[in-house]
A.B. asks: 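One structure, pasted below without further comment.
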2 protein chains.
Amino acid sequence: MNAPNTRLNMADVAALAGVSKATVSRVLSGAPGVSEETRRRIKALVKDLSYVVSPDASRLSRGSTGRIAVVMPHTTSWFYGAVLAGVLSVLRAEGLDALVYQVADGTESRTFFADLPVQRRVDAVIVVAFPVTEHERRQLDLLGMPVVVAGGALEHHAHVRIDDTTAARQAVTHLIRSGHERIAMINAAVTREWPYAPPADRLDGYRTALEDAGLTVDPRLVVDLPWSGTMGADGMDRLLSLDRPPTAVFGFCDEVALGALRSLRRAGVSVPRTVSVIGIDDHPLAELCDLTTVRQPAEQQGARSAHLALDLLGGAPTGELHVTLPTHLVIRATTGPPEDS
Amino acid sequence: MNAPNTRLNMADVAALAGVSKATVSRVLSGAPGVSEETRRRIKALVKDLSYVVSPDASRLSRGSTGRIAVVMPHTTSWFYGAVLAGVLSVLRAEGLDALVYQVADGTESRTFFADLPVQRRVDAVIVVAFPVTEHERRQLDLLGMPVVVAGGALEHHAHVRIDDTTAARQAVTHLIRSGHERIAMINAAVTREWPYAPPADRLDGYRTALEDAGLTVDPRLVVDLPWSGTMGADGMDRLLSLDRPPTAVFGFCDEVALGALRSLRRAGVSVPRTVSVIGIDDHPLAELCDLTTVRQPAEQQGARSAHLALDLLGGAPTGELHVTLPTHLVIRATTGPPEDS
DNA sequence: CTGTTAGCGCGTTCAT
DNA sequence: ATGAACGCGCTAACAG
């Protein structure tokens with residue numbers, strides 16, 4: 001028994017209004033079968049008392065939690081924050097709460113998928129762009145609730161994302177059109193199983209763009225590095241040490257491209273005169289660094305995912321379950337024609 | 001009545017184990033009074049059935065929600081993401097869930113403080129660095145639950161933050177020691193009431209550092225701009241148009257400093273030869289841009305706040321309720337001695 | 001040590 | 001249009 005909580009119950013409100021709990025409940029849930037007069041009177045009283053129903057108790061008898069889980073590898077990088085913002089804004093509008101779970105390292109990830117802490121706490125799960133192993137996917141299915149993937153794709157699951165191949169092609173094609181032929185890519189290495197598209201698909205886009213232009217892909221110009229804050233810089237250093245460095249570099253994402261810019265700056269290499277740099281994302285700081293990039297709508301991906309989740313909960317998945325949002329080139333100051341040599 | 005849910009109840013488990021719900025409950029909550037043998041048997045069965053208790057039902061009879069709300073103005077900028085990460089990691093360790101509320105614009109903020117959607121949904125609230133009006137503060141108090149402020153201060157409320165005055169002094173003093181005398185500051189303008197320290201305190205630190213060094217503060221060198229993605233760049237443009245531009249610029253935060261760098265780059269001004277730039281935060285991209293800055297521990301502020309909230313919930317606020325974390329100078333490549341002129 | 005009983009606060013039939 | 005009564009799944013007090 002909890003301490004004599006001074007908080008009001010529906011019973012108290014009912015008593016004060018001289019009606020039964022049932023009536024108060026009907027009024028508060030907007031159910032029919034209550035005279036306008038009583039309805040008005042109760043509403044006033046409720047507002048006056050600033051009474052609010054207990055979502056937990058309500059949930060217990062109604063069945064749904066009114067909550068949705070958002071699972072993300074980390075919350076600090078721009079992309080995840082933006083997706084979260086999108087999710088939150090639509091959930092709030094629907095009066096739903098968001099439970100955020102962070103599965104940063106392997107340990108957190110393991111325990112998350114082992115314990116499945118979201119069980120019985122939420123009505124649906126939104127998984128934000130991170131590698132899901134086959135085992136993890138099975139665990140998710142085991143949840144028995146709608147699962148939608150934001151910023152990535154999982155077969156047989158609703159998802160909303162961008163076309164990573166296309167985005168990469170947009171970036172590389174821009175470089176080609178500018179006259180570049182020795183174009184490098186700094187890619188995020190695959191360190192686990194990645195059912196997600198990004199790494200592989202962006203590399204694919206890079207390759208096909210080159211091939212379609214009749215250029216050959218030089219494997220020495222593709223550097224794969226495990227993700228880290230300085231992987232862009234490290235990758236660029238590696239490229240700079242080549243016999244014939246590239247005249248243009250395509251970074252897996254803006255943060256990588258910005259890292260490349262640092263190496264270039266430190267090495268005294270002129271951008272874009274000697275080397276052009278392009279990324280993907282349109283990170284807010286990309287603008288501040290005058291970085292040419294391919295913009296992807298992060299917040300929208302979050303918002304659409306949330307809508308998808310709501311649809312799925314609604315029972316009737318009315319719209320399309322696999323959404324692909326467009327990306328587009330944003331030309332700034334880090335790309336230009338190559339030096340004629 | 002909800003659909004015939006196939007999910008197991010504690011009653012089912014009890015039946016299968018041939019004991020009463022009470023016993024199962026005791027086992028699951030680690031309560032004493034159960035023979036090791038029974039305990040073991042039930043634990044095995046539970047794991048076997050992969051049964052999990054309903055947190056909502058549990059809450060209802062126990063009284064606490066097992067959830068904590070995190071309220072933040074937005075989730076995209078690095079600082080907020082980092083604080084959130086800190087909060088999440090300690091809450092997860094305690095088995096608590098985090099409900100994230102975004103109060104981005106004035107509308108969201110108004111409805112949030114009017115409806116107080118956190119009522120009855122959480123046991124405590126962590127408010128992350130944003131302006132709280134007097135009215136809003138009263139609403140928070142009205143919640144009747146622990147409120148802790150992360151990355152800011154609210155009188156009469158537990159909080160964990162940095163000393164903004166000191167941080168600013170560290171930045172400006174570094175500039176002074178490097179030989180600068182005409183030091184500008186690009187500040188975030190006060191657009192509402194800000195009971196929070198940052199804007200005013202950082203300006204104070206700037207002023208006192210200057211005064212302590214026997215330098216006069218030139219009001220033309222202090223530009224106040226409403227927050228925006230390009231306020232740093234805009235502020236720098238303004239400073240650059242002065243008759244005698246400063247030789248060094250102190251940005252309210254790294255994002256502002258990075259914006260200043262862009263304007264400088266576009267204007268063809270050499271950094272740090274002609275103008276030095278420093279910020280506050282140590283944003284991950286500060287390193288990539290070689291920006292000198294004063295580092296503040298964002299994630300730690302989140303973690304400590306969560307611990308504070310837990311303490312407060314524990315009833316016995318054992319530790320200090322007002323925590324100030326240290327900041328320190330990180331010298332990189334955007335500051336140096338002024339050109340002798 | 002274990003089972004029984006009574007709520008926790010609300011939604012929901014089923015009567016009235 | 002309204003009220004009484006039961007159940008949601010679990011915890012806690014009281015017996016045995």
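First the proteins, then the strands, lettered A, B, ... as listed; each starts at 1. When reading the values below, keep in mind they use all heavy atoms of this one structure, side chains included, and skip hydrogens, waters and symmetry mates. Note that the structure is a prediction, hence the values are computed from the model and not measured.
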A.B. asks: Under 3.5 Å, side-chain donor or acceptor atoms of residues 9-18 of chain A against the rest of the protein: list the pairs with distances, not counting sequence neighbours.
C.D. replies:
unit_1	atom_1	unit_2	atom_2	d
A:Asp12	OD2	A:Asn9	N	2.8

A.B. asks: Check nucleotides 2-6 of chain C against the protein and report each pair of N or O atoms closer than 3.5 Å, with its distance, or say if there are none.
C.D. replies:
unit_1	atom_1	unit_2	atom_2	d
C:dT2	OP1	B:Ser35	OG	3.4
C:dT2	OP1	B:Thr38	OG1	2.8
C:dT2	OP2	B:Ser35	N	2.8
C:dT2	OP2	B:Ser35	OG	3.4
C:dT2	OP2	B:Thr38	OG1	3.1
C:dG3	OP2	B:Ser20	N	3.0
C:dG3	OP2	B:Ser20	OG	3.4
C:dG3	OP2	B:Thr23	OG1	2.9
C:dG3	N7	B:Arg26	NH2	2.9
C:dG3	O6	B:Arg26	NH1	3.4

A.B. asks: Starting at CG of B:Leu60 and ending at C1' of D:dG7, how long is that distance when rounded to a whole Å?
C.D. replies: 12 Å
A.B. asks: Atom CE in A:Met145, atom CG in A:Asp123: separation rounded to 0.5 Å?
C.D. replies: 7.5 Å
A.B. asks: Measure CG/A:Asn9 against C1'/C:dG7 and give the value in whole Å, please.
C.D. replies: 12 Å
A.B. asks: What is the separation between atom CG on B:Asp12 and atom C1' on D:dG9, rounded to the nearest whole Å?
C.D. replies: 10 Å
A.B. asks: Provide the full list of ring-ring contact (aromatic ring centres under 6.0 Å, His included) pairs with a residue in residues 139-162 of chain A, sequence neighbours left out, each pair given once.
C.D. replies: A:His159-A:His322
A.B. asks: Please identify each residue that fulfils side-chain contact (heavy atoms from CB on, under 4.5 Å) with A:Ser58, with sequence neighbours left out.
C.D. replies: A:Arg62
A.B. asks: Nearest whole Å is fine: how far is C:dC8 P from B:Arg62 CZ?
C.D. replies: 16 Å
A.B. asks: Measure CZ/A:Arg59 against C1'/D:dG7 and give the value in whole Å, please.
C.D. replies: 13 Å
A.B. asks: So what is the end-to-end bend of the helix from C:dC1-D:dG16 to C:dT16-D:dA1, with 5 pairs used at each end and the value given to 10 degrees?
C.D. replies: 40°
A.B. asks: Roughly, in whole Å, what's the span from CE in B:Met10 to C1' in D:dC8?
C.D. replies: 14 Å
A.B. asks: Can you sort out the partners of B:Arg92 under side chain to side chain donor-acceptor pair (under 3.5 Å), two or more places apart, ordered by chain and number?
C.D. replies: B:Asp97
A.B. asks: Only counting residues at least two apart or in another chain, list the ones meeting side-chain contact (heavy atoms from CB on, under 4.5 Å) with A:Ala31.
C.D. replies: A:Arg26, A:Ser29
A.B. asks: Going by the rule side chain to side chain donor-acceptor pair (under 3.5 Å), which residues pair with A:Ser89 if we only count those two or more places apart in sequence or in a different chain?
C.D. replies: none
A.B. asks: Which atom pairs, one a donor and one an acceptor, fall under 3.5 Å between side chains of residues 302-312 of chain A and the rest of the protein, sequence neighbours left out?
C.D. replies:
unit_1	atom_1	unit_2	atom_2	d
A:Ser305	OG	A:Gln301	O	2.5
A:His307	ND1	A:Ala303	O	3.4

A.B. asks: Can you tell me the distance, in whole Å, between the CG atom of B:Leu8 and the C1' atom of D:dC8?
C.D. replies: 15 Å
A.B. asks: Using heavy atoms and a sub-4.0 Å distance, could you list which residues of residues 114-122 of chain B are near DNA chain D? By number, please.
C.D. replies: none
A.B. asks: Would you please confirm or rule out a distance under 4.0 Å between OP1 or OP2 of C:dC10 and any side-chain N or O of A:Tyr51?
C.D. replies: yes
A.B. asks: Please name all residues satisfying side chain to side chain donor-acceptor pair (under 3.5 Å) with A:Thr38, sequence neighbours left out, ordered by chain then number.
C.D. replies: A:Ser35
A.B. asks: Who are the salt bridge (charged side-chain N to carboxylate O under 4.0 Å, His left out) partners of B:Arg110, not counting sequence neighbours?
C.D. replies: none
A.B. asks: Ignoring backbone atoms, establish whether B:Ser58 has a side-chain N or O less than 4.0 Å from OP1 or OP2 of D:dT11.
C.D. replies: yes
A.B. asks: With heavy-atom distances below 4.5 Å as the criterion, would you say the side chains of A:Glu134 and A:Arg138 are in contact?
C.D. replies: yes
